[in-house]
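The sequence lines fix the lettering, A, B, ..., with proteins before strands; numbering per chain opens at 1.
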Amino acid sequence: MKKKTTMTVLDSRMLAQDIWSLELAYAPEDLPEKVCPGQFAGLYPAGGEMLLMRPISICRWDSGRGALRFVYRAAGKGTRSFTELRAGDKMDMLGILGNGYDLDELGGKHVLLLGGGIGVPPMLELAAALNRSEDAGTRVTAVMGYRNNELFLKEEMEEFADVYIATEDGSAGTRGNVLDAVRENELQADVLCACGPLPMLRAIKHYAQEKDIPAFLSLEERMACGVGVCLGCVAKTTRTDEHSKVHNARVCVEGPVFSADDVDLD
Amino acid sequence: MNTSNSLPEMSLQKPDMSVTIAGVTFKNPVLTASGTFGSGLEYAEFIDLGRLGGVVTKGVSNVPWPGNPTPRVTEVSAGMLNAIGLQNPGMEVFIERDLAFLKGVDTKVIVNVCGKSVEDYLDVVRRLQKEAVDMLEINVSCPNVKEGAIAFGQNPDALYDITCRIKKEAAQPVIMKLTPNVTDITQMARAAEAGGADAISLINTITGAKIDIEKRQFVLANKTGGLSGPAIKPVAVRMVWQAAQAVSIPVIGMGGIATAEDAIEFMMAGASAVAVGAMNFHDPYTTVRVAEGMEKWCASHGVDRVSSLTGIV
Ligand SMILES: Cc1cc2nc3c(=O)[nH]c(=O)nc-3n(C[C@H](O)[C@H](O)[C@H](O)COP(=O)(O)OP(=O)(O)OC[C@H]3O[C@@H](n4cnc5c(N)ncnc54)[C@H](O)[C@@H]3O)c2cc1C
Ligand SMILES: Cc1cc2nc3c(=O)[nH]c(=O)nc-3n(C[C@H](O)[C@H](O)[C@H](O)COP(=O)(O)O)c2cc1C
Ligand code: FES
């Protein structure tokens with residue numbers, strides 16, 4: 001069930017230039033039944049002048065401690081205000097939102113995770129979940145793309161996956177983007193899962209078509225409600241969407257994870 | 001005699017929160033603003049829809065509408081801009097899916113109707129004649145579609161004409177929803193009344209724009225969008241008051257309502273009922289909080305009928 005809850009900040013710290021990690025704990029009565037990798041939550045800036053939640057992907061879910069971890073870029077006014085939070089502070093959150101990755105579909109396969117920039121964080125929870133998969137043969141390789149050698153979340157990812165790095169400035173791993181690293185290392189996989197900027201997702205969709213393997217992409221769009229009522233966050237679909245009856249699906253409900261074949265990114 | 005008898009009479013009873021508009025009685029004055037609540041299904045996960053006076057649905061047209069390109073929404077100080085472009089699945093799917101769902105909910109149902117031509121509106125109005133709908137709200141005020149819609153709401157003759165034609169075909173009482181993007185709201189309110197409207201609702205969003213100065217371009221793909229949220233409340237209160245002064249049909253007030261106090265302000269300005277819009281996005285429990293808060297306010301202020309607040313300033 002979705003709820004707006006008041007969470008308690010457990011930890012807030014900077015991981016790299018403008019990249020922050022925020023851990024929030026649920027009150028026991030608010031615990032969600034289930035959290036899937038690829039899902040997100042809406043974090044509300046405090047104060048009242050900023051009305052809308054900021055959609056941020058779940059980077060880790062610790063069911064034992066009832067804690068969600070987010071890793072975000074301090075981009076604009078709202079996310080910059082989050083950097084002032086300290087342990088013990090309260091934060092309002094709308095969650096858990098969206099449809100994540102289908103773990104049944106991915107289990108037993110060699111899954112290649114592609115995270116670009118601030119698209120890296122949701123890949124960590126996905127890698128962790130796949131690591132717990134009981135399907136024999138599940139294998140996880142992750143390629144993470146960064147601007148420079150501030151390789152946030154790399155070590156944590158290494159616990160769950162074989163990790164390859166691409167950097168725009170060539171200061172670590174392959175110079176270039178995640179697909180350059182895939183090619184340079186001749187990586188093969190049964191299925192791709194990706195999160196990152198639109199040009200990267202577009203390239204990955206083409207790459208998957210070329211290799212004839214399925215790909216699941218996590219899309220971003222501006223949101224108001226986060227629950228499917230405002231129709232602000234739509235993505236263009238290749239087929240008529242079941243809910244909207246037009247070629248538009250709601251990123252906050254039908255997404256943010258879509259099969260690459262279902263979305264029109266051009 | 002026991003001591004409680006010394007309390008004022010009024011505080012011993014629950015205030016009567018019901019309001020009646022064009023013969024339709026709502027259990028309380030709190031409605032949802034069209035386009036901010038879908039048809040209620042999604043928010044039913046958060047609140048008991050039976051606690052609402054009524055659900056006003058997203059705009060419905062005769063055929064499916066794809067809406068505008070994205071970005072469609074953005075935030076501004078104490079508000080937001082939207083240019084959804086009235087995306088909706090069309091009346092047949094709406095009736096089969098949304099109205100079927102609403103049948104099971106103990107609240108009044110107001111269907112918001114949109115169109116590009118008078119004929120488009122009439123198609124929907126006719127199709128709804130035999131459906132379980134309590135009232136129709138006619139959106140002649142959406143700033144985000146190129147044809148129709150707002151054109152009818154900015155010209156008193158066109159507004160009068162479309163109101164007359166809809167009234168001839170409608171089986172349910174008709175609310176004309178007015179745009180604030182006019183010079184004189186009283187002229188529009190009078191045109192709707194003269195055309196036979198059973199009520200008017202206002203305000204729809206105020207046209208605005210936001211520019212990303214780094215990218216040197218508009219944030220919304222549509223360039224302009226409709227402003228809503230607390231930022232517009234004083235404008236809305238002023239217009240509700242002016243419109244209510246100008247006509248004798250009931251007025252439904254909206255624009256930035258976040259709290260019970262806001263809602264009461266609208267009632268005092270002349271509204272018979274109110275609607276909560278963008279604040280649903282900030283807090284999905286807003287409607288119920290407003291309804292409960294109004295009841296408490298009435299009880300603590302010795303108001304035994306909420307309807308007695310309408311237009312008292
Ligand atoms: C499903 C989803 C998951 C996301 N996960 C992450 C994540 O894990 N880490 C992370 O750093 N970022 C993530 N983002 C992007 C993040 O939501 C935006 O960077 C953030 O909302 C910007 O808010 P602001 O206060 O910094 O900017 P402001 O400029 O103050 O924002 C103004 C408005 O625009 C919206 N907005 C601005 N930029 C974006 C954007 N790129 N995408 C969506 N809305 C935007 C804001 O939500 C707000 O409503 C995700 C977005 C989506 C849709
Ligand atoms: C996202 C969004 C979608 C809307 N869609 C409609 C619509 O379909 N029909 C309509 O008559 N008004 C629509 N409106 C206007 C609202 O019903 C309301 O008149 C306006 O937002 C002012 O109220 P508020 O400030 O409480 O949001 C929409 C508003 C928003 C924010
Ligand atoms: S954000 Fe409102 S429908 Fe997705």
Side-chain angles (χ1 to χ4, degrees), chain A residues 1-6 32-33 42 44-55 75-79 92-97 198 219-237 240-255 264-265, chain B residues 32 35-46 57-59 63-90 92-94 97 212 214 219-221 225 228-231 256 258 277-286:
Chain A
M1 207 168 93
K2 292 170 194 154
K3 282 185 187 175
K4 184 179 178 185
T5 50
T6 300
E33 292 128 45
Y44 286 96
E49 193 215 326
M50 288 183 266
L51 295 186
L52 304 178
M53 56 75 176
R54 277 23 180 193
K77 219 163 133 190
T79 50
D92 285 340
M93 184 186 92
L94 189 67
I96 300 292
L97 307 177
L198 188 58
L219 303 191
E220 230 181 55
E221 193 44 78
R222 299 211 173 218
M223 296 185 173
C225 70
V227 298
V229 305
C230 76
L231 308 181
C233 67
V234 297
K236 251 171 130 187
T237 53
T240 302
D241 172 69
E242 189 45 42
H243 178 265
S244 70
K245 302 294 168 187
V246 292
H247 289 236
N248 275 333
R250 298 166 297 181
V251 172
C252 70
V253 174
E254 282 80 39
D264 177 356
L265 302 177
Chain B
T32 63
T36 66
F37 209 77
S39 293
L41 182 65
E42 290 82 4
Y43 281 134
E45 245 184 274
F46 295 84
T57 69
K58 172 74 188 159
V63 294
W65 283 11
N68 287 328
T70 58
R72 292 177 169 185
V73 290
T74 190
E75 189 185 69
V76 294
S77 295
M80 61 174 286
L81 292 173
N82 90 81
I84 308 297
L86 295 174
Q87 179 185 323
N88 79 88
E92 295 304 333
V93 172
F94 171 80
R97 181 176 67 200
D212 181 330
E214 298 305 327
V219 174
L220 298 181
S228 62
M279 284 306 287
N280 287 303
F281 308 153
H282 178 71
D283 181 359
Y285 311 103
T286 306

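Nearest heavy atom pair, residue B:R72 against residue A:N248, reads NH2-ND2, 3.3 Å. For the residue pair A:V234 and B:T70, the shortest heavy atom distance occurs at O-CG2, 3.4 Å. For B:H282 against A:L51, the heavy-atom pair with the smallest separation is ND1-O, 2.8 Å.
When each of A:K77, A:R54, A:R222 is tested with B:E75 by the rule salt bridge (Lys or Arg N to Asp or Glu O under 4.0 Å), just one qualifies, namely A:R54.
For B:V219, the part sitting under 4.5 Å from any heavy atom of chain A is the side chain, from C-beta outward, and nothing else. For a residue to count as touching a neighbouring chain, one of its non-hydrogen atoms must lie under 4.5 Å from one of that chain's; by this rule B:S77 touches chain A with backbone and side chain alike. At a 4.5 Å heavy-atom cutoff, the contact between A:E242 and chain B is made by backbone atoms alone. Interface remark: A:V229 contributes backbone and side-chain atoms alike to the contact with chain B (heavy atom separation under 4.5 Å). If you measure heavy-atom distances from B:N88 to chain A, the contacts under 4.5 Å come from the backbone alone. Using a 4.5 Å cut-off between heavy atoms, A:E221 contacts chain B through its side chain alone, with no backbone atom that close. For A:M53, no part sits under 4.5 Å from any heavy atom of chain B, backbone or side chain. Looking at A:H243, both its backbone and its side chain come within 4.5 Å of chain B, counting heavy atoms on both sides.
When side chains are defined from C-beta on, A:L94 does not count as touching B:F281, because their heavy atoms never get closer than 4.5 Å. For the pair B:Y43/A:V227, a side-chain contact is recorded, criterion being any heavy-atom separation below 4.5 Å from C-beta on.
Panel note: side chain A:K236, backbone B:P69; no donor-acceptor pair is recorded below 3.5 Å. Judged purely by atom type and a 3.5 angstrom limit, B:E45 uses its side chain to pair as donor or acceptor with the backbone of A:K2.
Of the listed residues (B:G67, B:S39, B:G79, B:G229), the one with the most heavy-atom contacts under 4.5 Å to chain A is B:G79. With chain A as the partner, the residue from B:D283, B:N280, B:V76 showing the most heavy-atom pairs under 4.5 Å is B:D283.
Here A:R250 pairs with B:E42 in a salt bridge; the nearest charged N to carboxylate O distance falls below 4.0 Å.
Distance check: A:L231 CG to B:N68 CG gives 11.5 Å after rounding to the nearest 0.5 Å.
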